[in-house]
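Shown next, in C-alpha cells, is the structure this report addresses.
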6 protein chains.
Amino acid sequence: MFERPSGRPDDALRPVTIETGFSTHAEGSALIRVGGTEVLCTASVETRVPPFLRGQGQGWVTAEYGMLPRATHTRGSREAARGKQSGRTQEIQRLIGRSLRACVDLKALGECMITLDCDVLNADGGTRCASITGAWVALAIALEGLGKSKALTGQVAAVSCGLTDAGPVLDLDYAEDSKAQADTNFVLTADGGIVEIQGTAEERPFRPEEFQILFGLAQKGTKELFAVQKEALARRKESA
Amino acid sequence: MFERPSGRPDDALRPVTIETGFSTHAEGSALIRVGGTEVLCTASVETRVPPFLRGQGQGWVTAEYGMLPRATHTRGSREAARGKQSGRTQEIQRLIGRSLRACVDLKALGECMITLDCDVLNADGGTRCASITGAWVALAIALEGLGKSKALTGQVAAVSCGLTDAGPVLDLDYAEDSKAQADTNFVLTADGGIVEIQGTAEERPFRPEEFQILFGLAQKGTKELFAVQKEALARRKESA
Amino acid sequence: MFERPSGRPDDALRPVTIETGFSTHAEGSALIRVGGTEVLCTASVETRVPPFLRGQGQGWVTAEYGMLPRATHTRGSREAARGKQSGRTQEIQRLIGRSLRACVDLKALGECMITLDCDVLNADGGTRCASITGAWVALAIALEGLGKSKALTGQVAAVSCGLTDAGPVLDLDYAEDSKAQADTNFVLTADGGIVEIQGTAEERPFRPEEFQILFGLAQKGTKELFAVQKEALARRKESA
Amino acid sequence: MFERPSGRPDDALRPVTIETGFSTHAEGSALIRVGGTEVLCTASVETRVPPFLRGQGQGWVTAEYGMLPRATHTRGSREAARGKQSGRTQEIQRLIGRSLRACVDLKALGECMITLDCDVLNADGGTRCASITGAWVALAIALEGLGKSKALTGQVAAVSCGLTDAGPVLDLDYAEDSKAQADTNFVLTADGGIVEIQGTAEERPFRPEEFQILFGLAQKGTKELFAVQKEALARRKESA
Amino acid sequence: MFERPSGRPDDALRPVTIETGFSTHAEGSALIRVGGTEVLCTASVETRVPPFLRGQGQGWVTAEYGMLPRATHTRGSREAARGKQSGRTQEIQRLIGRSLRACVDLKALGECMITLDCDVLNADGGTRCASITGAWVALAIALEGLGKSKALTGQVAAVSCGLTDAGPVLDLDYAEDSKAQADTNFVLTADGGIVEIQGTAEERPFRPEEFQILFGLAQKGTKELFAVQKEALARRKESA
Amino acid sequence: MFERPSGRPDDALRPVTIETGFSTHAEGSALIRVGGTEVLCTASVETRVPPFLRGQGQGWVTAEYGMLPRATHTRGSREAARGKQSGRTQEIQRLIGRSLRACVDLKALGECMITLDCDVLNADGGTRCASITGAWVALAIALEGLGKSKALTGQVAAVSCGLTDAGPVLDLDYAEDSKAQADTNFVLTADGGIVEIQGTAEERPFRPEEFQILFGLAQKGTKELFAVQKEALARRKESA
C-alpha cells in the first residue's frame, strides 16, 4: 500500500478555515479554504420566488456554481464567453441547491428566495463539497439577518472520500482525485442523517464493503467540518 | 403503513421487457419497457474518437438522453427548440455514459466511438435507470457486430429505490417518485460490484439503516434485470 | 428506363399502417409506418393560445418536428445538444403546422392550442409527408376527445413524388430520394383540394408536363392514404 | 370581383428596376426594386468550399437572407440581437440557394464558393422572389469577373402569384399578400423549365384549375423579368 | 511627412451627403454617405418603454447597429447566422444610443421609445461616426412627426481623427484607419459641448499635445457636419 | 459646492493595495483593492496564438472580465447562466486587452498568448480601471517568469475622474459614479503617454475646459498608482 501524495493519514482532512464577511454586499458570505481549494460562498436574499412557487406562501433556496478560469492548473474557458454552463457545472449547482434546501423549512422561510453563489477562486479538488460546507455558513448568516434562524432545520456539510492507491481515504485533493479508482461525495447532517450520497466507480466497480469504509470516513470528516462551521459563526458573533 | 399506488409488493419490479432491433439503422438497439416507461436505446459506432483521445489507441463510449415532448403527463418544451439541454438532461446523460464505460475495456475497443442514444417515448418514472439497462443491451449487440464482444467486461443494470409512504420500495413509478421522501438510483454489475450510487433526500434526511434496506432492494431488482437482458440477447440469437 | 430500387410499380405506395394510442399521455397519438419510415405523431392540448391570439376567441394549431439521432443511416447530431434546430427542421415543422391548420376551423376550436409533435423513429424517405398524414389522425382523435370534431373541416394527407431513373414515381424511399432529378411534395384534401405544393429541381429544371404527371400520381397516392387514416380511426372506435 | 388594391391589371408586374454596382466591394451586386420592395443582392467569391465538398474539384453556391429591422411597417426585432435566424429566414435563404445552384455547373465553377447575400432594405411583398431575380444578376457579374461565365447554365427568375378577392393575380404586393386565399411562388428558367414551385393555401384549399391559372401568370411575369435582368447586364457593359 | 492616401488636406472631411426618406416605413430615415462609407439610419417610434422605465412618465432612445456582410472588402460572417453580435457591434450601438440620448429630453419625449437602426451598406472607415451623424437627422424627423421637436435639446455629430504617417488628420478612411498610430472619435454638440470622447493608442501611446490637435480637427469637422445635417432637414421641408 | 460622499479631497484616490500571488496556479496574479472595489487579476500563459496570428512569429495579449453575481449591491444574473456576456462586459474586456497590449512588444513576446482574467469580487465603482492597474502587475510577473521582461515596454495604470455635485473629482466610488454628470476613464503610461481616453456625458454635454481639469486629476492619480504597482513587485522580490 502506498502513502497519500500529501503524506496525510487516511482519515485526515486538509486544513479547513472559514472566513465570514468577505463579500461586502451579500446578506451572508463565507470564504472557505480546504487545503488549496478556496471557494467564495455568498447568500443573496430577494423578495420574490420563482414562478412555480408564486402565491404558495413558501420560499426557495437555490444555488449557482462557477469557477474562475484560472482557478485550475491550466486555464479553462470562461463559461460566460462560451455561452453556456457545462454539464458538470449544472450538475454541481443542482447538488448544492438540493443539499441546502434539505436543511431549510421553506414554509417558515416565507415568500423569498435565497441564492447561494459558490465561486471557486482556487481549485485543488473537492470544490463541490467545500461549496456546500461554506454555503451552509453563508445561508445561516443570511437567515439570521432575516430574523428567520428558525427556518434552518439542520446543519449540513459535505466531504469526498475515495479509493486510491493508498486505499480508502478522506478528503481527496486534486492529485488523488484525478487518479482515484472510486470517488464518493457525502452530504450529511450533524445529527447523522444522509442528505446526498454520490458514488462513482472510475476504473473498476467497487465492493459494498469498500463503500461502507468510505461512508465511515465521511462521518468522521463531516463531524470535524460541523465544528469548523460553528466556530466561524461564533467568531462572527464575538466580533460583532 | 400504506400500500403502494400500484398495489405491488415492496420488492417487486414492474413488468420489464426488452425488444431488440427496433431501430433499423443502428448497430445495436433495444426498446425497453419498464411498466409504463418506454425508452428506445440505440448504439451507434463511428470510426473516430473525441479530440482528447486521438492517437492513444483506445476508444470511447458516450451517451445522449432525450425525452419526446409528450412522453410526460403534460407536454414539456422541446429542448432543441429551447436551444439547450436542461441541467437534468445533462446530468442523466453523463450518468448513462459513465455507467456504460464502467463495463467496457476502452483499450480493447480500439479507436472508435460508440454513442448510446436513449430517447424516452413514454415516461412513468425511472427513465434514467431504464436507459442504462436498455443501453447495455444495445451496446452488447453493437460490440458483437464489431467482433469485439471481449471488450465488454461486465453486465450493468440500474434500478431506483425509495422511501415512500409505503416504506422502502423497489422500482418507483411516477406516482411514487413524485412524493418520495428519498430517492436512490443504483447502477450495479452482475458480479455484485457498484458502478454508481446516487441517493437524495427529498423531504427529510434519511438514516444509514434506511439506505442499507434500499441497497438490498436494488440488489434483488438488478438480479432480475440481468436475467431480462440475457434473455433479450438470447432471443435475438435464436431468431438470427 | 430502369426499375425502381424496391421493384415497386411507378404508382405504388409502400405498405402504410397507422397505429393509434402508442403515446400513453397524449390527447391523441398515431404511430405511422410508411415502408421503413416510422413517425410518432402526438397531439397535445393546452388551454392557452400564443400571445398574438390572446383574447380573440380562436384557437391555434402548431407543429414541431424532430428526428432521433439514429433514425438515419449514419448518426446525426442531436439538435438539442447542438443548441439549435436546423433550417430543414424548421422548414418541415412550419409545413406540417400550415397543412394541419388548413383543415381546422380555428374559431370553432375556441381558445386552446393543439401542438402536433412528429418525431421520426426510423427514417427511409418521406418523413415530412408521413408526419402530416399521421398528425391528421392524432389531431382528429384529440378534437374528438375535446368534443370538437366539428372544428375539423377536412381530411388531409401528403405524399412525395419524383422524377427518377425509373421515370416519374409515387412515394420515394430514401434510395430514390437521394438521387431524384426532381422532388415534389403534395398535401391534398380528400375532396380534391390543394393545401401545399412543393416542387424542387435537384439536378435539372423539369418540364410543366412532368409536373402534371407527378401531380396525378399524388392524387392517386393520397386517395389510398385517406382510406388508411379512416380505417385507423374506425378500428380505434371498435376497440373502445 | 374586386379591383386590385394598386389598380393593376391581374397579369401586371409592378415596375421593376435592377441597378448594378451598388456595393463597392462585392464581386457582383444588384439592387433590385419591384414596386416598393427593394433588395440589395451581392455575390461574394471565396477561394474555399464547405467541408463536405473539399477535394472534389467542384464549387458551391449558397445564399443568406436578411431584412433590415425597419424594412417593414412595424419594426421587427434584429435577428442578430435575438441570437438566431427565424424559421422564415432560413426557409427563404435555403430557397434562394437551391434556385441559384440550379443554373450553375458546379464542376465548371471549380473549387470556390459564391455566397449570395440578399438584404431587404424596404419590404412591400415578394421579397424572396425579388431576391432570387436580383441574385441571378449579381451571380452573373461575379462569374464574368472570374472568367467563368460558362458555368452559368441558365437564366433564373422568380415571381409570386396568388388568389385574392380580385381573383388570380400576378406579383402580389404586401396589401394583397396579407389577405390572399392562396400564395404561390414560381422559380422558372428562361427556356421554360421549373426550378421551384411552392403553393400554399392560406384560407381554403384551392383547386387544380386555379393552380394552372397561377402558373400561366407566372410564366408571363418571369418572361418580363428575364428581359429586365438582361438589360441590367447590358447597361453595365455599355457603361464599362 | 507623407501625403494622405486620398490626397486630402489634413483638415478635410470626405464629401458628405445626407438623403432623407430612403426608408419607406420608418418614422424618420437618413441615408448618409461619407466618402465610400454609406449608412442607412432609421428612427422607429414605439408606444412602449423598456421595463426599467415603465410608469415613470419618460421615454427612451436606443440604437442598434449592423453591417451587411459584404459592406467590407472581404465578406464578414452574418451576425444573425453566427447567433450573436460581436463585442465591436455592441460597443458601437451602445455609443450611438448614449450619444443620441444626450440631445433628447426624455421627460419631454413622454412614454415612448425611439429605436435608431444604423445599418452599414458600404464601409470605408468611420462607420460609427457616420451612424451618429445620420441618426441625429432621422431622430429629428421622427420627433417632428410626433410633434415633439422641443424634446430635441441639441444637435449632435461625430467625426474620427487620427495620427497617421501624414500626421494628425481629420476623418480617417479605411486605408488610414487600418494603419493609424492613434484613433479618436469625438461626438460633439453644435454649441461646443462634449458628448463622447474616445481615444485609443494603436501602435504607441500618444502625447497630450497630439490629443489637443486632434480635438481641434474634430471641432472643425463637426462644424461642417452640423451644416450638412441642417441642409438635409431644410431640403426635406422644401420638398414637402 | 458639495462635499464628496466619502469626504475625500477632490484629488484623492481611495486607499489602494495590490497583493501578488493570490492565485495558486496562474503564471502571474494580483489582487487589487481600491477602496471597496476588489478585483482578482490573473495572467495565464499558453503556448499558442489565435488563428489570425499563426506563423507570424509574434505573440498576443488578451483579456476577459467578469463580475461575481454578488459583487454588487443587488445580485446580478450570472452571465454564464444567461448564456451570454453583456455588451458592458465585452466593452470592458476589449478595453483591458487594448490597454495592456499597448505596453507589450508582441514580437519580443514570441509565439505565445497571455490571457488576463479580471474578476471582480467586490464592486464599489471603478472596476475597469482597477482591472487594468492590477492586470499590469499580473502581466509583469508572468513576463518575468517567462524570462521576457524586456517585452514589457511600459507601465500602464488607469483611473476614473468625473464631474459630480462636488465638482471635478478623482477616482469615483459607486455613490459618485451613479450620479455623475460626466464620467471619464484615463489609461496612461508612466512616461506621460495616453493609451486610452474615454469620456462620456451622462446628464449634460460638458465643456473642453472641464475635460482638461479631469485630465489633470488623472495624471496625478495614475502617478500614485504607478508607485503602488512598483511596490507590489518589489515586495514580491523581497519575499522570494
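Here is how names work: the chains are called A, B, and so on, in the same order as the sequence lines, proteins then strands, and each is numbered from 1.
Using a 4.5 Å cut-off between heavy atoms, D/Ser86 touches chain C through its backbone atoms (N, CA, C, O) alone. Using a 4.5 Å cut-off between heavy atoms, D/Arg207 touches chain C through backbone and side chain atoms alike. With a threshold of 4.5 angstrom between heavy atoms, D/Glu210 does not approach chain C through any atom at all. Neither the backbone nor the side chain of D/Arg101 comes within less than 4.5 Å of any heavy atom of chain C. Proximity to chain C is limited to the side chain of D/Gln219, based on heavy atoms less than 4.5 angstrom apart.
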Would D/Lys84 and C/Lys84 count as a side-chain contact (heavy atoms from CB on, under 4.5 Å) if you check the C-alpha gap in whole Å, the side-chain angles of each, and the deciding distance to 0.1 Å?
CA-CA 9 Å; D/Lys84 63 174 181 175; C/Lys84 64 173 179 174; 5.8 Å; no

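Here C/Ala201 is the residue among C/Ala201, C/Cys103, C/Gly154 with the most heavy-atom pairs under 4.5 Å with chain D. When the candidates C/Ile197, C/Leu188, C/Thr189 are compared by the number of heavy-atom contacts under 4.5 Å with chain D, C/Ile197 comes out ahead. The candidate with the highest count of non-hydrogen atom pairs below 4.5 Å against chain D, out of C/Arg88, C/Glu202, C/Gln212, is C/Arg88.
Remark: C/Glu91 CD to D/Ile92 CD1 distance equals 10.5 Å, nearest 0.5 Å. Taken from CZ in C/Arg204 to CD1 in D/Ile194, the straight-line distance is 10.5 Å, to the nearest 0.5 Å.
Listed here is the closest heavy atom pair of D/Pro208 and C/Gly192: CD-O, 3.7 Å. Between D/Gln90 and C/Gln90, the closest heavy-atom pair is NE2-NE2, 2.9 Å. Taking all atoms of both residues into account, the shortest heavy-atom contact from D/Pro205 to C/Gly193 is CB-CA, 4.0 Å.
Within 6.0 Å of NZ in D/Lys107 there are 12 or fewer heavy atoms belonging to other residues, nucleotides or ligands.
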